[in-house]
Asks: 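Supplied in structure tokens, the structure appears directly below.
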Amino acid sequence: MFYDIFVSLCREKGIKPTPLAHELGINAASVSYWKRSGSTPKQEILNKIADYFGVSVDFLLGKTYIRDRNTPENKTITDEDIKFALFHGADDITDEMYEEVKRYARYIKDHRNEDE
């Protein structure tokens, strides 16, 4: 999960993961290790990465969909926030795919209400 979010944030900034690691003073081999093992970096490294992207560590770890660490919890959630949460930042999500997810969610909600 961490690696996918990290790569997605790198893409948004137009930087590749390994050069970014170098820029942040992180061993470039660590990036390969995160990808291969699915592990997460130590807290100090997570903090550096979060600071660079302006996101919370919880966002990097996939524990929250709210990107801005300084945003209050009652922030309005955008469609982009939801897409990121559902699809882990995949770049190829179309509006049609997102609409299909929303239709399915409405279907589930409507049928749950009928059962109660």
Side-chain angles (χ1 to χ4, degrees):
M1 169 92 51
F2 161 77
Y3 182 78
D4 295 333
I5 294 169
F6 174 64
V7 169
S8 178
L9 290 169
C10 286
R11 264 191 228 118
E12 287 177 16
K13 287 267 192 184
I15 189 167
K16 296 199 181 275
T18 301
L20 174 60
H22 180 72
E23 181 179 328
L24 296 177
I26 300 167
N27 184 338
S30 296
V31 175
S32 296
Y33 178 73
W34 302 332
K35 181 179 181 179
R36 234 183 18 261
S37 69
S39 66
T40 57
K42 293 180 181 178
Q43 189 66 44
E44 177 185 338
I45 293 173
L46 285 171
N47 291 338
K48 282 183 180 183
I49 295 169
D51 287 346
Y52 178 85
F53 289 114
V55 299
S56 69
V57 170
D58 280 348
F59 180 82
L60 281 177
L61 298 176
K63 294 181 180 180
T64 182
Y65 50 83
I66 298 173
R67 301 176 100 166
D68 185 354
R69 65 177 159 228
N70 299 317
T71 301
E73 289 297 319
N74 62 359
K75 169 194 178 240
T76 301
I77 299 168
T78 67
D79 284 348
E80 291 307 311
D81 293 330
I82 295 169
K83 285 179 187 178
F84 191 89
L86 289 172
F87 302 107
H88 303 290
D91 292 338
D92 56 350
I93 304 308
T94 65
D95 289 338
E96 291 78 23
M97 292 167 70
Y98 181 55
E99 286 303 317
E100 186 175 341
V101 168
K102 291 191 322 188
R103 280 192 304 275
Y104 182 68
R106 281 190 294 272
Y107 170 82
I108 295 296
K109 179 181 178 270
D110 291 345
H111 281 77
R112 179 167 288 155
N113 289 340
E114 289 174 6
D115 294 338
E116 293 176 356

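Small disclaimer: the values here were computed from a predicted structure and weren't measured.
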Asks: Under the side chain to side chain contact (heavy atoms under 4.5 Å, CB included) criterion, do Leu46 and Phe2 qualify, and how do the steps go?
Replies: CA-CA 10 Å; Leu46 285 171; Phe2 161 77; 3.8 Å; yes

Asks: Applying the side chain to side chain contact (heavy atoms under 4.5 Å, CB included) criterion to Val55, which one of Ile5, Leu60, Ile49, Thr64 satisfies it?
Replies: Leu60

Asks: With sequence neighbours left out, write down each residue that passes ring pair (Phe, Tyr, Trp, His ring centres under 6.0 Å) with Tyr104, or none if nothing qualifies.
Replies: none

Asks: Output the distance between atom OG1 (Thr40) and atom CZ (Phe6), rounded to the nearest 0.5 Å.
Replies: 13.0 Å

Asks: So Trp34 and Val7, do their side chains get closer than 4.5 Å, heavy atoms only?
Replies: no

Asks: Who are the side chain to side chain contact (heavy atoms under 4.5 Å, CB included) partners of Glu99, not counting sequence neighbours?
Replies: Lys102, Arg103

Asks: Taking only residues two or more places apart in sequence, or in another chain, which ones meet Thr18 in a side chain to side chain donor-acceptor pair (under 3.5 Å)?
Replies: none

Asks: Taking side chain to side chain contact (heavy atoms under 4.5 Å, CB included) as the definition, give me every residue that meets it alongside Lys63, ordered by chain and number, with sequence neighbours left out.
Replies: Asp58, Leu61

Asks: In chain order, what residues pass the ring pair (Phe, Tyr, Trp, His ring centres under 6.0 Å) check against Tyr3, with sequence neighbours excluded?
Replies: none

Asks: Tell me whether the count of non-hydrogen atoms from other residues, nucleotides or ligands lying under 6.0 Å of NZ in Lys48 goes above 12.
Replies: yes

Asks: Kindly list each side-chain donor-acceptor pair under 3.5 angstrom involving residues 26-33, sequence neighbours excluded, with atom names and distances?
Replies:
residue	atom	partner	partner atom	Å
Asn27	OD1	Ala29	N	2.8
Ser30	OG	Asn27	O	3.2

Asks: Would you name the heavy atoms of Cys10 and Pro17 that are closest together and state the gap between them?
Replies: SG-CA, 3.8 Å

Asks: Can you confirm whether Lys13 sits close enough to Leu20 that some side-chain heavy atom of one is under 4.5 Å from a side-chain heavy atom of the other?
Replies: no

